[in-house]
Peer 1: 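What follows is a structure written as structure tokens; I'll ask about it next.
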Amino acid sequence: MTGHVTTKLGACPHDCPDTCAMIYTVEDGVLIDVRGNPDHPMTRGALCSKVRDFDRHHYNPDRILYPMKRVGPKGSAEFARISWDEALDTIHTRFSGIIAEHGAEAILPYNYLGNEGVIQGLTVGDAFFNKLGATVAEKTFCGSGSSTAWLLTVGPTNGTDPLSFSESKLIIIWGCNSISTNIHHWHIVKEAQRGGAKVVVIDPYRSRTAKEADWHIQPKPGTDGALAMAMINVIISGNLVDNDYVEKYTVGFDALKERAEAFTPDYAASICGVAAEDIRLLAHEYATTRNAALRPGVAVERSAGGAQALRAIFSLPALTGSWKDPGGGIYQMPLWEFPIHFDRICRPDLIPEGTRVINVLKLGAVLNGETDHKPGIHGLMVYNANPVSNSTETASIKQGLAREDLFTVVSEHFITDTARYADILLPATMAAEHDDLMFSWGHFFFTLNEKAIEAPGEAVSNAELFRRLAQRFGFTEPQFAYSEIKMMEEFIDWTSPKLGGIDLDYFRQHGYYRLNIGDAKTRTPHAEGKFPTPSGKVEFYSESAATGGDFVAPPFRQMYMAFQDGTKLDPLPGYVPARERPETNAAQAARYPLNIISPKSHGFLNSQYANEPHKVRSQGEQAILINGIDAAGRGIADGANVQVYNDRGTFHGLAKVTEDVPPGVVVASLGYWHSLNKGGAVNVISSSAYGGMGHSPTFSDNLVEVGLMPAL
Ligand SMILES: Nc1nc2c(c(=O)[nH]1)N[C@H]1C(S)=C(S)[C@@H](COP(=O)(O)OP(=O)(O)OC[C@H]3O[C@@H](n4cnc5c(=O)[nH]c(N)nc54)[C@H](O)[C@@H]3O)O[C@H]1N2
Ligand SMILES: Nc1nc2c(c(=O)[nH]1)N[C@H]1C(S)=C(S)[C@@H](COP(=O)(O)OP(=O)(O)OC[C@H]3O[C@@H](n4cnc5c(=O)[nH]c(N)nc54)[C@H](O)[C@@H]3O)O[C@H]1N2
Ligand SMILES: [Mo]
């Protein structure tokens, strides 16, 4: 006998450019199936391997279902069930005590994009913590370097539509592993490839995507700036410039030309390890093929020169006039035009004047008191985030989290490596259990996620968590009592022409809406300039950079608490050497000669799913990819247990000896849980140093050594 079956429209909650439209099927209150919405032009009915069994994920027996308090030592993961009342009372009492003794700035919210929703995501607790007067957390894990480069060069524009890649004739995917991280763009790339487009992938590692490319170019990690500057050199010196476009729609061409003069292909080749002949050919093909598209990934920013490299890359289509062509230009991070009132959500106006800002990439140092900031941090609340897996110098984070005098609250689905250290652990809902609205940083569709099933146990949505907290703290601003639906009504700019007059009912019927910004395939937003920069043109030379002027546009300012502090920047793009490369840091390289890169795992979403045995089985155990030459020199055979280490820490994995990585480079993908991987994972070795701009991270700018595990 079959029960009562209904369907609801869903949206994938993950921090991923694809933001899939989904359909939840519910039978007698049980989620029995989750599939991709076949009508959605990006999702096209197909979900990735991570969420293909999303229903099963919701019923994982390891989920946190009730509030709990710590009953064992910090880090032991020993908890006992308590009531919501006791949990809220404890948080209120402890936070109030910290505020009385040290001031509200002794409390730090630590949140990121475990959930990406407009309602339940990154900004869900900001109004609460701003009202509390807590330290403001600057969150620059992802996209801040590339966005700084983007804003300086072309301004807050959506750029090229991912759907228009069907029209492209040359596609350069630069530091992006689309098949794993942007799979719903890949079918469009394949369509173009079948239509004759050449697909080039620029990546130090032969990734899944590089293997599918027509041409794989392998620069050394963190040397993209030299490669891109050499492309500029070839385009200018070879008279391949679209002079009309440059004259009408750019500023600073002469200065760029002068800067690029030094970057002959031979010189760049000596830096990035790509043959001069290949650099010439790449530049030539790019400049002479109409409808040539660039798809830079987030990964390019992850070294000292990452953002400067991206400014050079972002300059390319203006030199060749490729912005004029459908399927030309650049597909970067099209989130600038989603009409969301982040000021209403985050309430920056509630931040007491002079409140300090701490960048959460420095969490370990901050928790261990290695900072000038006073007072120290005595209260920490983590939600939508797993810093022990995903942040930097994570051994020091664990040390800080173990502090007896630190009061830590964690809201989570599972007892993650971070949640193990909680004093109070709170149960959070998953996507099918709450309402949300998803913007996207990979396409132009807004997507509704409808609550389809009741939350298990006493799990609450993030929005409900902060409603409860605000009530307990006596906050009376109306928004602290808003329901999820009321938030959607108030926090979206429904009057924006980008929403074409639709309302929530439209979403309830259709699930998603493509922003009203023109036909996907023919759209050429910058065929006639119209760049939202101070000059209205592409800024090869940026006056805002030179003066340290203010160029950080919303929504980034509110979402990430900005990352522009008046520092004067290089007005021009260029090449800045990585901090940790054998060529730039010989002393360090003498001890730690290998550059490690730590891209995303195909089978995990950052650290999510890495606790599910069937997901680990298909992804594989933590692998350390190493070239045969480096392996032989260290006596490492394929499949050997190895340790990877530098002064910051050590973690373990299984050696995979492969030609997919060049000599001198090792690859260990992100996401594995310390508790399930012999006590460590890749970020124990990651430096907390900032990249060049936007306080971006430097996950591709780390030297390590790899050795056989010592015999027990
Ligand atoms: N070495 C290395 N490190 C990296 C990167 C890299 O490439 N290499 N990438 C960086 C990048 S780009 C990013 S974006 C960050 C990602 O860093 P995070 O945003 O921390 O990543 P996730 O693991 O996706 O999510 C964190 C936690 O949020 C929880 N969560 C999910 N939904 C909810 C919810 O609705 N409520 C609550 N309370 N919790 C929820 C999940 O269970 C998960 O444990 O990592 C960065 N770290
Ligand atoms: N399956 C899966 N998909 C995801 C995620 C996930 O965890 N798993 N995370 C999501 C998130 S938060 C993000 S930010 C995106 C990121 O998506 P991507 O930008 O694709 O990020 P990565 O996979 O970290 O890196 C992409 C490629 O860049 C290469 N790379 C590393 N350093 C350099 C460099 O210095 N120069 C060049 N040219 N290449 C370099 C790596 O070898 C890798 O193959 O993916 C999203 N999608
Ligand atoms: Mo990210």
Side-chain angles (χ1 to χ4, degrees), residues 13-18 48-50 110-117 120-122 124 139 141-143 146 173-183 201-210 217-224 227 272 296-303 305-306 309 361 382-387 389-392 410-414 416-419 426-431 433-434 436 441-442 459-462 465 578 595-611 619 661 665 667-671 681-683 685-686 697 699-702:
H14 287 311
D15 181 8
C16 168
D18 295 13
C48 70
S49 62
K50 302 179 288 301
Y110 186 108
N111 55 310
Y112 206 58
L113 283 160
N115 176 316
E116 200 186 88
Q120 312 290 358
L122 179 67
V124 60
K139 296 154 282 219
F141 280 113
C142 177
S146 49
I173 298 178
W174 200 317
C176 184
N177 183 13
S178 310
I179 293 180
S180 295
T181 63
N182 191 192
I183 181 71
V201 168
I202 302 179
D203 194 317
Y205 156 54
R206 189 138 59 99
S207 65
R208 285 177 191 245
T209 311
I217 294 175
Q218 272 180 291
K220 294 175 186 171
T223 64
D224 302 273
L227 177 58
C272 67
V298 176
V300 184
E301 75 178 14
R302 299 184 190 133
S303 62
L361 282 165
V382 182
Y383 50 103
N384 284 341
N386 182 6
S389 291
N390 298 324
S391 192
T392 59
V410 178
S411 161
E412 254 299 348
H413 297 150
F414 298 104
T416 61
D417 290 333
T418 307
L426 302 170
T429 46
M430 286 187 178
E433 300 154 2
H434 58 230
D436 211 340
W441 52 273
V460 302
S461 70
N462 291 335
L465 166 61
N595 255 120
I596 188 165
I597 46 182
S598 49
K600 311 298 189 182
S601 293
H602 184 77
F604 309 145
L605 194 292
N606 298 321
S607 69
Q608 298 185 66
Y609 304 104
N611 60 324
Q619 161 67 25
V661 294
V665 175
V667 171
S669 72
L670 173 72
V682 65
N683 277 327
I685 60 79
S686 297
F699 295 119
S700 292
D701 196 344
N702 294 283

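Numbering of ligands and ligand atoms starts at 1, following listing order.
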Peer 1: Please list, in number order, the atoms of ligand 1 under 4.0 Å from a heavy atom of Thr429.
Peer 2: 35 (O)
Peer 1: Can you find an N/O atom of Glu412 closer than 3.5 Å to an N/O atom of ligand 1?
Peer 2: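 Yes: some nitrogen or oxygen of Glu412 is under 3.5 Å from one in ligand 1.
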Peer 1: With heavy-atom distances below 4.0 Å as the criterion, list the atoms of ligand 1 near Ala428.
Peer 2: 36 (N), 37 (C), 38 (N)
Peer 1: If I compare all heavy atoms of Ile183 with all of Cys48, which pair ends up nearest, and what's the gap?
Peer 2: CG2-CB, 4.1 Å
Peer 1: Taking the side chain as C-beta and beyond, is there a heavy-atom pair between Asn111 and Lys139 under 4.5 Å?
Peer 2: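 Yes, at least one pair of side-chain atoms sits under 4.5 Å.
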Peer 1: I would like to know whether Val300 and Trp174 meet side-chain contact (heavy atoms from CB on, under 4.5 Å); could you show each step before the answer?
Peer 2: CA-CA 8 Å; Val300 184; Trp174 200 317; 3.9 Å; yes
Peer 1: To check you understand the geometry: which heavy-atom pair defines the closest contact between Ala419 and Phe414, and what is its length?
Peer 2: CB-O, 3.8 Å
Peer 1: For Asp701, give me all partners under side chain to side chain donor-acceptor pair (under 3.5 Å), at least two apart in sequence or on another chain.
Peer 2: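 With sequence neighbours excluded, Asp701 shows a side chain to side chain donor-acceptor pair (under 3.5 Å) to no residue whatsoever.
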Peer 1: Holding to side chain to side chain donor-acceptor pair (under 3.5 Å), I want the full list of residues that pass it with His14, two or more places apart in sequence or in another chain.
Peer 2: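 His14 satisfies side chain to side chain donor-acceptor pair (under 3.5 Å) with Tyr609 once adjacent residues are dropped.
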Peer 1: Any heavy atom of Thr392 closer to ligand 1 than 4.0 angstrom?
Peer 2: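 For ligand 1, residue contact (heavy atoms, under 4.0 Å) with Thr392 is absent.
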Peer 1: What atoms of ligand 1 come within less than 4.0 Å of a heavy atom belonging to Thr416?
Peer 2: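 Answer, ordered by atom number: 44 (O).
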Peer 1: For ligand 1, find out whether one of its N or O atoms is nearer than 3.5 Å to an N or O atom of Ser411.
Peer 2: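 By distance alone, the answer is yes.
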Peer 1: Write down the atom of Gly222, the atom of Ser303, and the distance for their closest heavy-atom approach.
Peer 2: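 The answer is CA-OG, 3.5 Å.
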Peer 1: Between Ile179 and His602, what is the shortest heavy-atom contact and its length?
Peer 2: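 Distance-wise, the nearest heavy atoms are O-CE1, 3.7 Å.
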Peer 1: Residue by residue, ordered by chain and number, which ones reach under 4.0 Å of ligand 2 with a heavy atom?
Peer 2: Asp15, Pro17, Lys50, Cys142, Trp174, Gly175, Cys176, Asn177, Ser180, Thr181, Ile202, Asp203, Pro204, Tyr205, Ser207, Pro221, Gly222, Asp224, Gly297, Val298, Ala299, Arg302, Trp441, Ile597, Pro599, Lys600, Ser601, His602, Phe604, Leu605, Asn606, Ser700
Peer 1: Just jot down the side chain to side chain donor-acceptor pair (under 3.5 Å) partners of Asn386, sequence neighbours excluded, or say none.
Peer 2: Ser389, Thr418, Ser607
